[in-house]
Amino acid sequence: MDLQKLFKNFENLDQKEVKVTAWTKSNRLSGKLGFLEINDGTYLDNVQVVYKKNIIENFDEVASLRLSSAVEIKGMLKLTPSAKQPFEIAAEKIEILKTSDEKFPLQAKEQSLEFLREIAHIRAKTNYFNAIFKIRSNLSFYIHEYFNANNFVYLQSPIITANDAEGAGESFTVTTIKNDKYDQDFFGKKASLTVSGQLQAESYAQAFKNVYTFGPTFRAENSNTSRHAAEFWMIEPEVAFSDLKQNMDLAEDLLKSIVKKLFVNNINEINLLSTKNEIDLETRFKEIIEKEFFRITYTEAIDILQKAVKSKKVSFEINDINWGMDLQSEHERYICETVYNAPVFVTDYPSKIKAFYMKQNADNKTVAACDLLVPGVGELIGGSQREDDYQKLVNKAKEFNIDEKDLSWYFELRNFGYASSAGFGLGFERLIMYLTGVSNIRDVIAFPRTPKNIKY
Ligand code: 4AD
Ligand code: MG
C-alpha cells in the first residue's frame, strides 16, 4: 500500500494488518527495540516502524540496515495520538528487498543545495526535493485543468523548428552534418530547437480561438544566473480576438486559480518549504489570490526608477536610467519588491527593445507588451498583443533583419481574418520558484541544463 493511502486512512486502520514497501530514512536501536523511519516517496512524512528482537527473525540484519535500503514491512498499524506522528507500525515481518551500501551520499543531517546539485540523480530522495517536485507535478496538472475548463485547446507545438521566434539569436542548432552547409543537412535548411511555440500557437489560435502550449523550450543564452536555464518549460496561451488588457486578465486569472488549488491541496509541501526557505509563502499566496495585480506602463516604471535614484533611495549597478533602456533585473526587482511588494504588470515598452511581432501603439514609439514582475523572481511572464497589420509586420521584421521568406507563412496569417490576437509566455520554472521560495532555477527542474553543465 502507498504511504499516501495509509496517511489518508490511518484512522480506519487502527489495529489492522498493513503491508508496505519503502526505503529506510533512519534506523535507531535501543536495546532489544529498533525504530525504522521509512518512506516510499508518495507522502512527505515518514512512517515509524517499531521492531522487536523477540518478534523479528532477522533482527540483527535489520538493525544494521543503512539509509536508503529497500524493505517490505508487514505489521500492525497502531494509532499514537500523543506522539509526533499520528500512527506507527509494529512490525511482524521485515523483508530486506535490497540493501544500500556505505557510499550512499545522503545523510540524516542537512546537506547544502550546492552539494545536492552535484548528485541530481539522488537528491529527489530528500523531503525538500520531494516537496518541490510534487508541487511541480501538481502545478502542471492545475495549469492543464485551468485551460481545459476554459475551453482552450492544448497544442503540442514542434520542438525542432526553422525559425527563431524571438529573433534574439539564442537558438541551438539541430544538425546531422559536421559543417554549416545546411542545404545538404537533414531538413535541407538550418534547423534549431524552439525558443518559443508562439508563432505556431498564433496559427492555431486563428483556428481554435483559445489555444495554449506547454512544453520544453531551449535558449543558448550564456547567462549563468539563478533564473536562466538553457532548457526550461513554458506555458504559452494565445487567444484570437483578444487585446492587451484581456491578455493580462487571463494571466492574472490563471495565476489566482492555480495558487488557490496549490494552497488547498499542497499545504504540507508549502509548510515544509516555507520553513526551509525561510519565507512566508502563505502571505505570498494571499497577496496573489486576494489582491488585484498592479499595472503600470514602462514610462511610469522609468519615472519611478529615476525618482528613486535621484532621491538616493536606492543605488543600482546601472544608475543611469533613461527612457528606451532595457530594464535590468535589479530594476525589475526594485519595482516589484521594494515599491509594490506584489506582482506588477509593466506595459507598453519601447518597440526597439521588444520582439518584432508586438503590436505598434498609436504613439509609434511603444508596443502593446506586458511583462509580469514578481517578488523574488523578477520577470515571470512576457506577453503582448500581436501586430495584426500585414505590412507593418513585414516592415518591422525587416528592421529586425528577419528574412521575409523564412516567416512568410506567419505573416500571411494576417491576410486571412486575423482580427487580433494576444498571448503570453509563463516560465514554468520561474513560477515554481515564486510559489516555493526556491531561489535557484537549478533546484526546480530535475536535471538542469546550464552553461557547462550536462552531466545527466
Ligand atoms: O519573455 P519571453 O522571451 O517571451 C516569449 O518567449 C514569448 N514568445 C511569449 C509569448 O508571448 N507567447 O519568455 C517568456 C517567459 C519569461 O517571462 C520567463 O519567465 C521565461 O519565459 N524564460 C526563461 N525561464 C528560464 N530560463 C530562461 N532562459 C528563460 N527565458 C525566458
Ligand atoms: Mg521577456
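It should be emphasised that the depicted structure is a prediction, and the values quoted were computed from it without experimental measurement. Both backbone and side-chain heavy atoms feed into the values below; hydrogens, waters and symmetry mates do not. Order of appearance sets the numbers: ligands from 1, and atoms from 1 within every ligand.
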Checklist line | Nearest candidate to atom 11 (O) of ligand 1, where distance is taken over non-hydrogen atoms, out of R219, R386, E170, E238 | finding: R386
Next item on the list: Check ligand 1 against Y357 and write out every atom of the ligand that is under 4.0 Å from a heavy-atom position of the residue.
Entry: 7 (C), 8 (N)
Note to self: Holding to side chain to side chain contact (heavy atoms under 4.5 Å, CB included), I want the full list of residues that pass it with D185, two or more places apart in sequence or in another chain.
What the structure shows: T175, T176, I177, Y182
Note to self: Can you confirm if the aromatic rings of F447 and H121 lie within a centre distance of less than 6.0 Å?
What the structure shows: no
Next item on the list: Provide the number and element of each atom of ligand 1 under 4.0 Å from a heavy atom of I381.
Entry: 17 (O)
Checklist line | Minimum-distance protein heavy atom relative to atom 23 (C) of ligand 1 | finding: F232 CE1, 3.4 Å
Notebook entry, point to check: For ligand 1, is there an atom lying under 4.0 Å from some heavy atom of A229?
Noted result: yes
Check: Which protein N, O or S atoms does the Mg ion (ligand 2) have within a distance shorter than 2.8 Å?
Finding: E379 OE2
Note to self: In this structure, does ligand 1 have an atom that sits under 4.0 Å from one of the heavy atoms of R430?
What the structure shows: yes
Check: Would you say the side chains of S257 and D253 form a donor-acceptor pair under 3.5 Å?
Finding: no
Margin query: Side chains of Y410 and N163 only: does a donor on one sit below 3.5 Å from an acceptor on the other?
Written below: no
Notebook entry, point to check: R227 heavy atoms, cut-off 4.0 Å: which ligand 1 atoms fall inside?
Noted result: 25 (C), 26 (N)
Item checked: Test item: side-chain donor near acceptor, E202 and Q198, under 3.5 Å -> yes
Notebook entry, point to check: Could you state the interatomic distance from CG (L435) to CD1 (I132), rounded to the nearest 0.5 Å?
Noted result: 12.5 Å
Check: So, R227 and E429, do they make that salt bridge, N to O below 4.0 Å?
Finding: no
Check: Are side-chain N/O atoms of Y128 and D443 paired as donor and acceptor at under 3.5 Å?
Finding: no
Notebook entry, point to check: Can a donor-acceptor pair be found between the side chains of T366 and N361 at a distance below 3.5 Å?
Noted result: yes
Note to self: For a salt bridge (Lys or Arg N to Asp or Glu O under 4.0 Å) check, start with the C-alpha distance between R414 and E387, then their side-chain angles and the critical distance, and finish with the verdict.
What the structure shows: CA-CA 9 Å; R414 272 70 186 164; E387 183 55 74; over 6 Å; no
Notebook entry, point to check: For ligand 1, is there an N or O atom under 3.5 Å from any N or O atom of Q198?
Noted result: yes
Margin query: So for I441, does at least one of its heavy atoms come nearer than 4.0 angstrom to any atom of ligand 1?
Written below: yes
Next item on the list: Inspect the contact between D280 and R284 and indicate whether a charged nitrogen and a carboxylate oxygen are less than 4.0 angstrom apart.
Entry: no
Notebook entry, point to check: Ion pair present between K286 and E290, side-chain N to carboxylate O less than 4.0 angstrom?
Noted result: no
Next item on the list: Could you tell me which atoms of ligand 1, counted from 1 in the order shown, lie closer than 4.0 angstrom to a heavy atom of G427?
Entry: 15 (C), 19 (O), 20 (C), 21 (O)
Notebook entry, point to check: Is there a heavy atom in Y434 that sits closer than 4.0 Å to ligand 1?
Noted result: no
Checklist line | Closest approach of any protein heavy atom to atom 15 (C) of ligand 1, naming residue and atom | finding: G425 O, 3.5 Å
Checklist line | Per-atom contacts of ligand 1 with E379, taking only distances under 4.0 Å to non-hydrogen atoms | finding: 1 (O), 16 (C), 17 (O), 19 (O)
Notebook entry, point to check: Got the closest protein heavy atom to atom 12 (N) of ligand 1, with its distance?
Noted result: E236 OE2, 2.7 Å
Next item on the list: Compute the shortest N/O to N/O distance between E221 and ligand 1 and return yes if it is under 3.5 Å, no if not.
Entry: yes
Next item on the list: For atom 21 (O) of ligand 1, grab the closest protein heavy atom and report residue, atom and distance to one decimal in Å.
Entry: M234 SD, 3.5 Å
Checklist line | Check: K125/S68 side-chain N/O donor and acceptor closer than 3.5 Å | finding: yes
Checklist line | Lys/Arg-Asp/Glu bridge criterion (N-O < 4.0 Å) met for D243, K359 | finding: no
Notebook entry, point to check: Between atom OG1 of T24 and atom CG of L36, what is the distance when rounded to the nearest 0.5 Å?
Noted result: 6.5 Å
Checklist line | Nearest neighbour in protein (non-hydrogen) for atom 19 (O) of ligand 1 | finding: L380 O, 2.9 Å
Notebook entry, point to check: Which atoms of ligand 1 are found less than 4.0 Å from any heavy atom of G382?
Noted result: 1 (O), 9 (C), 10 (C), 11 (O), 17 (O)
